[in-house]
Amino acid sequence: MLNEVIKKKKKHLEKILKNSGRILVAYSGGVDSTFLLKYAVECLGYEKVGAFIEKSEVYSNSELSFAKKFAESLGVKSFIVSSKKLSDKRFSENSRDRCFYCKKNLFSKMSAIAKKNRFNTLADGSNLDDLSDYRPGNRAKSMYQVISPLQQACLSKKDIRILSKEMHLPTWNKPQMACLATRIPYGERITMSRLKKVISAEEYLKHLGFTTMRARDYNRLCRIEVCSSDIKKVIKFREDIVKALKKIGYTYITLDLEGYKTGSMNKTVKS
């Protein structure tokens, strides 16, 4: 049963969505955008909602497949656009403004599709917690007048998981996901070979039963982040993990004793 605070936030979100007209949602298949897409359909009807899905090198095929299937299950029209992010030096050179160029490209394509298909509102799944992290992509949102309904309704990640569970969404307890470029430190070039190593390392860790984790790539070194409660489990599988990650291409494998932290790569850019 929902508490009164979350009920009020949900009601506020309903008002925002109903005032948006025809809405095109930037949909990744994650916890936030899945809830937003589903609730937009409940508030507006599937005819007035679209799902903009980006296919690129920095998202896994499994995430793309989930996003396609879920959008299809809602009956909304999906717009799947391919992006070659690594061909843009402003992205691949991995400056601290990488996310701005990425989002600018994404929202530019999204805006063109919205105009062609008579959507008058663009929306993304940013939540209240995102305001506390380094998000240069927010500048791109302003350029294309993209709204963040979950943020406007003051919904945190925890709130969204609670509401998603109430709505029986398959993503209510899905681990937090992020663009694979976030696994590589700012200033170090993003390449396809490095992204493939990250994907392979994280797929292996998932195979061992780790859900919330990251494989941070420092070329020859891989820094593993897991929840604090899973650190002992990493030690248990230490030999298997070292063997597997060396086979993937890493020379050194380390474990971050602080545990998984959202946006840990942004520590170097925060004041």
Side-chain angles (χ1 to χ4, degrees), residues 25-39 51 53-71 73 99 124-130 132-135 137 150-151 155-184 195-217 222-237 240-241 244-245 248 253-267:
V25 176
Y27 182 51
S28 67
V31 178
D32 304 324
S33 61
T34 294
F35 168 69
L36 177 60
L37 188 69
K38 171 65 174 176
Y39 198 53
I53 301 172
E54 185 182 40
K55 178 182 179 182
S56 80
E57 313 96 313
V58 296
Y59 290 106
S60 68
N61 289 331
S62 60
E63 293 296 341
L64 176 65
S65 177
F66 174 85
K68 287 179 180 178
K69 289 178 182 177
F70 187 80
S73 74
C99 188
D124 79 343
S126 299
N127 65 53
L128 187 65
D129 301 335
D130 294 327
S132 63
D133 197 8
Y134 175 66
R135 302 276 173 163
L150 305 179
Q151 211 168 72
L155 286 161
S156 66
K157 175 73 79 174
K158 183 178 179 180
D159 295 334
I160 294 161
R161 288 192 187 278
I162 290 171
L163 290 168
S164 296
K165 186 175 184 180
E166 184 204 35
M167 294 166 65
H168 305 291
L169 293 176
T171 50
W172 77 269
N173 64 344
K174 187 175 183 176
Q176 195 155 314
M177 54 183 280
C179 157
L180 292 172
T182 62
R183 313 301 198 268
I184 300 171
L195 294 177
K196 285 181 178 178
K197 284 167 64 181
V198 167
I199 291 171
S200 297
E202 293 191 353
E203 286 297 329
Y204 180 74
L205 293 171
K206 286 178 187 176
H207 171 71
L208 291 180
F210 296 98
T211 52
T212 302
M213 52 74 198
R214 294 287 186 266
R216 307 291 188 185
D217 182 288
C222 179
R223 175 169 62 87
I224 298 171
E225 291 181 16
V226 297
C227 293
S228 298
S229 58
D230 280 335
I231 286 178
K232 288 183 179 179
K233 186 176 178 181
V234 175
I235 302 301
K236 178 182 176 181
F237 288 105
D240 293 334
I241 292 172
L245 269 60
I248 288 168
I253 296 90
T254 66
L255 172 64
D256 192 323
L257 296 180
E258 190 176 8
Y260 169 73
K261 297 287 184 182
T262 303
S264 70
M265 291 301 208
N266 289 333
K267 290 180 179 180

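Computation of the quantities below employed the complete heavy-atom set of this structure, encompassing side-chain atoms and omitting hydrogens, waters and symmetry-equivalent molecules. Source: prediction; values computed, not measured.
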Sub-4.5 Å side-chain heavy-atom contact between Val31 and Gln176: no

Validation row: Asp130, Arg135 side chains within 4.5 angstrom (heavy atoms): yes

Closest non-hydrogen atom pair, Leu64 against Glu54: CD1-O, 4.2 Å

Which atom of Gly259 lies closest to which atom of Ser228, heavy atoms considered: CA-OG, 4.3 Å

Donor-acceptor pair, side chain of Gln151 and main chain of Asn127, under 3.5 angstrom: yes

Distance in Å, Leu36 CG paired with Lys38 NZ, rounded so as to fall on 0.5 Å steps: 13.0 Å

side-chain contact (heavy atoms from CB on, under 4.5 Å) assessment of Met213 paired with Tyr260: CA-CA 6 Å; Met213 52 74 198; Tyr260 169 73; over 6 Å; no

Separation between SG of Cys179 and CZ of Arg183, rounded to the nearest 0.5 Å: 8.0 Å

Check: Asn61 main-chain N/O paired with Lys55 side-chain donor or acceptor under 3.5 Å: no

OH-CD1 distance between Tyr204 and Ile248, expressed to the nearest 0.5 angstrom: 8.5 Å

Leu155 side chain near Leu128 side chain, heavy-atom distance below 4.5 Å: no

Option from Leu150, Asp124, Leu37 for which side chain to side chain contact (heavy atoms under 4.5 Å, CB included) with Asp32 holds: Leu150

Stepwise side-chain contact (heavy atoms from CB on, under 4.5 Å) check, Thr212 with Val226: CA-CA 6 Å; Thr212 302; Val226 297; over 6 Å; no

Among Ile241, Thr254, Leu245, the one residue meeting side chain to side chain contact (heavy atoms under 4.5 Å, CB included) with Cys222: Leu245

Heavy-atom check, side chain of Ile160 versus side chain of Leu163, under 4.5 Å: no

Ser200 side chain to Lys196 backbone, donor-acceptor under 3.5 Å: yes

Pairwise side-chain contact, Pro170 with Phe66, heavy-atom cut-off 4.5 Å (strictly under): yes

Sub-4.5 Å side-chain heavy-atom contact between Trp172 and Ile162: no

4.5 Å side-chain heavy-atom contact, Val234 and Leu208: no

Charged N-O contact under 4.0 Å between Lys174 and Glu63: yes

Any side-chain heavy-atom pair of Leu255 and Ile235 under 4.5 Å: yes

Value rounded to 0.5 Å, distance of OG1 in Thr211 from NZ in Lys206: 10.0 Å

Lys165 atom NZ: more than 12 heavy-atom contacts under 6.0 Å: no

Gly30 to Met177 - nearest heavy-atom pair and separation: CA-SD, 3.5 Å

Residues Thr34, Tyr27; criterion side chain to side chain donor-acceptor pair (under 3.5 Å); working and verdict: CA-CA 7 Å; Thr34 294; Tyr27 182 51; 2.9 Å; yes

For Ser62, all residues meeting side-chain contact (heavy atoms from CB on, under 4.5 Å), sequence neighbours excluded: Ser60

Nearest-0.5 Å distance that lies between atom CZ in Phe35 and atom CD in Glu166: 8.5 Å

Matching residue for Asp256 among Arg214, Lys261, Arg223 - test: side chain to side chain donor-acceptor pair (under 3.5 Å): Arg223

Arg216 (side chain) donor-acceptor with Val198 (main chain) under 3.5 angstrom: no

Derivation and outcome, side chain to side chain donor-acceptor pair (under 3.5 Å), residues Ser164 and Thr171: CA-CA 7 Å; Ser164 296; Thr171 50; 4.9 Å; no

Distance (rounded to the nearest 0.5 Å) between Glu225 CD and Glu258 CD: 8.5 Å

Residues forming a side chain to side chain donor-acceptor pair (under 3.5 Å) with Lys68, sequence neighbours excluded: none

Closest non-hydrogen atom pair, Ala51 against Ala71: CB-CB, 4.0 Å

Donor-acceptor under 3.5 Å (Asp230 side chain, Cys227 main chain): no

